Amino acid sequence: MPSGIAIEHFDEGVYASNLWCPDNDSSYPDRHLYAPPGLPQVIEEAHLWLGASDFSSIAPSLLAGIALIPLLGLLARDWLGEPAGRAAVLLAVFSDVHVLYSRIALTDVPWITWLVLALWLIRRGLVSGQPAVLLAAGLATALGWWTKYTGWLPLASGLSGVIAVPLLLHQTRPLWGNWLKRMGAVVAVTAISIAPLFVSLEDTGGYSAVTANHARYIVGLTGWLSSAASQVEHMAAFESPLTFVGVLVACWFTTGTSERFTWNANRRRLLPAVAAGGFVAIGSFSALVLVAAGLALRDGLAKLRHNDHVAPDRGLAWTMLAAWWIAMTLTTPLYYPYPRLVLPWLVAGWLLVGHRLACWTAPGSPSEKSPGASSQNETILTVAAASGLVLLLVAIPSRFLTRAVPAIAPRTAVVGVADRMIEAVTNQVPSGNAVIRVWGEPALFFQLNNRSPDRLLMQPAGGLQVIRPGEPPPDIPVFLVIGPHAGDGQAHTDALHEYDSVGTFETTPGLQVLRNQPPDHRDRPMAFRLYRWRQ
């Protein structure tokens with residue numbers, strides 16, 4: 001229900017607070033360090049047209065998450081075939097992680113929607129050479145870049161495919177020159193369309209300020225393994241029986257329904273469904289992605305070793321997908337393990353798993369032409385299904401009976417804190433204006449603005465100082481809110497000698513917020529303290 005959706009994540013508050021920061025160029029302080037202006041501007045327009053609310057703030061991400069499904073189907077069908085496309089769409093529809101982040105006002109899902117559209121158009125444009133498609137590919141890439149600073153990924157994937165295909169498939173070398181020219185056109189359109197963003201950043205320190213801020217979150221090679229393990233742990237925590245059901249449904253419907261409901265007709269779908277479902281149920285979907293990626297690599301190396309003919313356009317699709325997934329696998333754990341960073345890796349994983357499910361469930365595979373190989377594959381599949389059934393039985397008490405669906409759980413904890421703070425300020429100042437300065441908590445800043453009466457004025461704060469030296473004190477009461485993010489959590493009580501404590505408000509936010517916290521803080525409530533400045 002919309003009533004259970006609210007701005008709660010730190011970055012959500014940054015993106016959704018344009019209207020309440022008129023003194024800061026209608027932008028939350030340092031907003032440019034977190035994301036380009038694309039999504040914040042769209043949210044602001046939604047506020048102007050529909051009224052400022054939690055749901056209007058989240059609506060752009062929700063619409064993008066819905067639009068991603070058919071776009072993913074178009075890309076998967078063109079790159080990997082219709083059965084794989086059907087499987088990838090079903091995996092996406094049932095993905096807990098995708099459902100969760102489609103209901104949050106963050107840049108990740110909108111950017112991934114542009115990413116999938118751009119990759120689909122780039123590959124079609126490279127193969128067909130149609131100017132309109134190349135133009136659309138460049139514009140889609142630029143729109144993704146206006147949404148998130150990693151918007152260059154489609155260009156990297158496309159260039160990797162253009163370079164890799166001639167090296168791997170020698171018969172396509174005559175196409176290389178045309179592909180390179182067409183890729184150059186996409187890059188040119190993207191560069192022209194994104195140039196105003198870089199020009200606008202010059203007023204706030206340029207793009208170097210953005211990269212310097214991002215560098216704070218890099219853990220490097222020494223933290224790679226720990227970060228990767230944390231990301232797997234996050235995905236397992238977000239998953240519910242919904243993801244498991246998605247794997248079963250994808251296996252069953254990948255090749256369509258059978259005319260006869262018999263064991264021989266349906267075993268090819270049932271056995272992989274039980275094997276893959278049990279694997280996901282006891283572990284997480286990420287494990288299935290790794291298996292699918294390993295088998296895809298095995299099959300690709302076998303084709304190269306035997307010099308099998310591969311159509312150039314199919315080879316281009318596979319090299320672009322490989323560049324996408326491998327790049328995300330290697331680079332995502334280089335950053336602090338914020339859960340949302342795994343989304344582009346996961347989307348590529350849907351494609352890899354969808355292709356593998358299509359291979360497992362498709363009748364008439366090459367292995368069936370050899371009786372020995374067919375018997376061996378049947379034995380392996382039967383053993384895998386039996387193992388999957390055991391894993392499923394183990395998972396029922398350990399995971400299924402103890403977990404609901406985190407993706408659709410209500411997340412209104414910060415709303416409750418805002419209401420209690422407004423009540424506390426009202427008790428202190430029953431009438432007249434008052435200022436509430438919010439230090440480092442943009443989600444709470446949004447909720448206080450969204451729920452307070454007009455006489456209470458909100459101000460984003462960057463520290464304890466209320467007035468500069470020599471300035472006259474304000475003639476209305478001033479309050480200060482300090483939360484766990486203020487001063488990177490280093491706000492000390494002894495520095496608050498100019499303030500009187502009003503109260504402390506604790507709450508436990510949704511899983512998507514708790515998983516952003518350091519491991520030793522994830523099981524603790526978040527505390528927000530309210531103070532009144534001595535005038």
Side-chain angles (χ1 to χ4, degrees), residues 36 38 68 71-81 84-85 111-199 207 296 300 303-304 307-328 330-331 344 347-348 351-352 355:
L68 176 62
L71 290 174
L72 183 73
L74 291 173
L75 181 146
R77 184 186 62 185
D78 281 5
W79 287 20
L80 307 173
W111 169 60
I112 289 172
T113 303
W114 289 119
L115 168 69
V116 170
L117 177 60
L119 287 171
W120 177 57
L121 291 170
I122 286 174
R123 190 257 185 179
R124 289 180 69 92
L126 292 177
V127 173
S128 68
Q130 296 179 359
V133 177
L134 295 172
L135 175 64
L139 292 176
T141 303
L143 288 169
W145 209 334
W146 276 95
T147 304
K148 198 172 182 69
Y149 286 121
T150 49
W152 47 263
L153 182 59
L155 302 181
S157 179
L159 286 170
S160 298
V162 170
I163 294 171
V165 171
L167 296 176
L168 299 175
L169 306 175
H170 300 293
Q171 70 270 21
T172 64
R173 283 183 177 174
L175 296 173
W176 187 80
N178 290 333
W179 284 358
L180 191 60
K181 293 176 184 177
R182 294 164 186 171
M183 193 66 219
V186 175
V187 172
V189 172
T190 303
I192 294 171
S193 303
I194 199 64
L197 172 62
F198 289 89
V199 172
Y207 193 69
K303 286 181 178 293
L304 293 175
N307 201 23
D308 292 347
H309 175 74
V310 178
D313 57 342
R314 190 64 176 267
L316 179 62
W318 268 109
T319 52
M320 289 177 64
L321 176 57
W324 172 8
W325 187 82
I326 292 172
M328 293 297 97
L330 295 178
T331 60
V347 176
L351 297 172
L352 291 170
H355 169 72

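For the numbers below, each heavy atom of this structure counts, side chains included, while hydrogens, waters and symmetry mates do not. Quantities reported herein were computed from a predicted structural model and do not represent experimental measurements.
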Search all heavy atoms of [X] against all heavy atoms of [Y] and return the closest pair with its distance.
X: Gly158; Y: Met320; value: CA-CE, 4.0 Å
X: Ile112; Y: Pro344; value: CD1-N, 3.6 Å
X: Arg182; Y: Gly125; value: CD-O, 3.7 Å
X: Thr141; Y: Gly151; value: CG2-O, 3.6 Å
X: Leu159; Y: Met183; value: CD2-CG, 3.4 Å

Measuring from atom [atom1] of [X] to atom [atom2] of [Y], what distance do you get when rounded to the nearest 0.5 angstrom?
X: Trp79; Y: Leu119; atom1: CH2; atom2: CG; result: 4.5 Å
X: Lys181; Y: Asn178; atom1: NZ; atom2: CG; result: 6.0 Å
X: Leu115; Y: Thr147; atom1: CG; atom2: OG1; result: 11.0 Å
X: Asp78; Y: Arg123; atom1: CG; atom2: CZ; result: 6.0 Å
X: Leu316; Y: Ile122; atom1: CG; atom2: CD1; result: 10.0 Å
X: Arg314; Y: Leu80; atom1: CZ; atom2: CG; result: 6.0 Å

Answer yes or no: is there a donor N or O on one side and an acceptor on the other, between the side chain of [X] and the main chain of [Y], under 3.5 Å?
X: Thr190; Y: Gly138; result: yes
X: Trp146; Y: Ser193; result: yes
X: Thr319; Y: Gly315; result: yes

Does [X] reach the side chain of [Y], with side-chain heavy atoms less than 4.5 Å apart?
X: His355; Y: Trp318; result: yes
X: Leu155; Y: Trp145; result: yes
X: Val347; Y: Trp324; result: yes

My understanding is that only residues two or more places apart in sequence, or in another chain, count here; which of them pass side chain to side chain contact (heavy atoms under 4.5 Å, CB included) with Ala140?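 Result, side chain to side chain contact (heavy atoms under 4.5 Å, CB included) vs Ala140: Trp114, Leu117, Ala118, Leu121.
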Test side-chain contact (heavy atoms from CB on, under 4.5 Å) applied to Leu321 and Leu352, step by step: CA-CA 9 Å; Leu321 176 57; Leu352 291 170; 3.9 Å; yes
With under 30° as parallel and over 60° as perpendicular, where do the rings of Tyr207 and Phe198 fit, or are they tilted in between?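 Tilted, since the angle between the ring planes falls between 30° and 60°.
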